[in-house]
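As the structure lists them, so they are numbered: ligands from 1, and atoms in each ligand from 1. For clarity, every value in this text was computed on a predicted model and none was experimentally measured. Excluded from the calculations below are hydrogen atoms, water molecules and symmetry mates; all remaining heavy atoms, backbone and side chain alike, are included.
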Amino acid sequence: MMADIPRLKLAHLPTPIEELPRLTKALGGPRLLVKRDDQTGLAFGGNKTRKLEFLAGDAKLHRADMLITAGALQSNHCRQTAAVAARLGMDCKLILVGEAPERPEANLWLDLLFEAEIEYVDRARRDETLTETFESARQQGRRPYLVPFGGSNSTGALGYAFAIQEFVEQKVEADWIVFPSSSGGTQAGMMVGVRVFGCRSKLLGISVDVPQRTLQERVAALAGETSKRLGSRIRFLADEVAVNDDYCAAGYGVLTEAEREAIRLFAQTEGLLIDPVYTGRAAAGMVDLIRKRFFRKNETVLFWHTGGTPALFVEKYSSALI
Ligand SMILES: *Cc1c(COP(=O)(O)O)cnc(C)c1O
């Protein structure tokens, strides 16, 4: 069954796991590690590259000539999708929520460099515009492939089931794996990977923008679907999905003092860049949990870096950071 799943080689794998001794010391333990999925290699990397190995593999299987997807103006997912389309010689259409800025920055600038065609819409019109764009491409005789929001369906989530296999094979023990969670594909894939490939680490998703119960239900459903793709039909309950939504009250993409502190702390103790939207929020959560003694001092906590660093160069973030 597993051999039938088409996958392209797009990412630099395995991504390294590194010690964070100065950050560990600054926070007074537990031992901290980082898994560098910001270094997956494709156009500044990030977690979407792992998902796109399977999504673009499926697109190729269907002989697609165009990738269509949607996201925020500074979507890392859209940037990585546009890069994959360029690499595979496909066209790319992006439906981005927001207004066309005068001067495109960071991820959006990269989308344009990859020659993605962009349509700017209100949030309310996102999903219908996506469907319309897909249908009209079809009517024009194209072979479009719809990449889901955040790359988060069972195909994309396979990338993170196999990421856990990779982690197990690296033979690094960690009591906890902490990471940002939003559209849920990363967490769902990891949960499947933990069960299928036998990993003893506990997962903890820090919600970037979704209330705990909503995200738990989404992840559980998606994990069940994803396990079927691997021939294992595991049932996941919403209650088993470890989501902490204590750090998302400010809303998506809003940089608060907590994220600012975390970004500076990672940069200034380890020379490690984290991003203002996702990993900055998850790191801020992890730092707060360390201070509240949520983790035991003798435990090892692995921060799974999911990428997003190009957003540091969005003016509203960069000017708030130094
Ligand atoms: C998309 C994204 C996430 C969230 O992953 P999901 O699978 O959508 O939960 C986390 N970090 C970064 C940098 C992302 O771009």
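Every protein residue with a heavy atom nearer than 4.0 Å to ligand 1 is included here: N47, K48, K51, N76, S152, P180, S181, S182, S183, G184, G185, T186, Y278, T306, G307, G308.
Residues that satisfy the ring-ring contact (aromatic ring centres under 6.0 Å, His included) test with Y247, not counting sequence neighbours, are absent from this structure.
Annotation: salt bridge (Lys or Arg N to Asp or Glu O under 4.0 Å) contacts involving residues 183-201, sequence neighbours excluded, comprise E173-R200, D175-R200, R195-E240. The stretch residues 86-106 participates, sequence neighbours left out, in these side chain to side chain donor-acceptor pair (under 3.5 Å) pairs: D91-R142.
T15 and R36 form no side-chain donor-acceptor contact under 3.5 Å, judged by distance and modelled atom types alone.
A side chain to side chain donor-acceptor pair (under 3.5 Å) with N47 is found for exactly one of T186, T40, T306, namely T186.
Aromatic ring orientation, F162 versus F54: parallel (interplanar angle below 30°, classes split at 30° and 60°).
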